[in-house]
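What follows is a single structure, written as structure tokens, with notes after it.
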Amino acid sequence: MWRNNIMTIPVAKNPPLVEDLRNHSPEQLAELRLLLQAAAPSRPDPRRPGFFEVEGSSSVFYIFKYPTGTKVLLLGVWERESDPVAALVACTRPAA
């Protein structure tokens, strides 16, 4: 009889531990942690299994994600390429 009252308790999944291998700034590490917690879309590296590119607001992060999902290694960060035409239009367009 007591089995009819079984409840499932949702447990929040812990975000993966981020290890920095190249001495990146604390701001970059914080942005990556936020992206990982928000399950930001990532592009897998077709030549290297387990390696991904995660796009942030202004940077792209190159990471290795352990198969267990408990740890992420930050390997590199670079600025996102912006559209030069959009930047030119924004500069030449008068403010409303």
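Residues take their numbers from the sequence shown, with the count starting at 1.
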Mind checking salt bridge (Lys or Arg N to Asp or Glu O under 4.0 Å) for R48 and listing every partner two or more places apart, or none if nothing turns up? D45
Quick one: closest heavy-atom pair of L35 and G56, and the distance? CD1-CA, 3.6 Å
Using side-chain heavy atoms (C-beta onward) and a distance below 4.5 Å, is L21 in contact with F64? no
Quick one, Y66 and E19 - any side-chain contact, counting heavy atoms below 4.5 Å? no
Closest non-hydrogen atom pair between A40 and V54, with its separation: CB-CG1, 4.2 Å
Parallel, tilted or perpendicular, as decided by the 30° and 60° cut-offs, for the rings of Y62 and W78: tilted
Can you name the nearest heavy-atom pair linking L29 to H24, along with the distance? CD1-O, 4.3 Å
Is it the case that one hydrophobic cluster holds both V60 and L74, taking links as side-chain heavy atoms less than 4.5 Å apart, direct or via other members? no
Check whether any side-chain heavy atom of E31 sits under 4.5 Å from a side-chain heavy atom of L34, and report yes or no. no
Distance check, rounded to the nearest 0.5 Å: D20 atom CG versus I63 atom CD1? 12.5 Å
Could you tell me whether a side-chain N or O of E55 sits under 3.5 Å from a main-chain N or O of R80, the two making a donor and an acceptor? no
When rounded to the nearest 0.5 angstrom, what distance separates CZ in R33 from CG in L17? 7.5 Å
Single-linkage hydrophobic cluster F52~F61, side-chain heavy atoms < 4.5 angstrom: yes
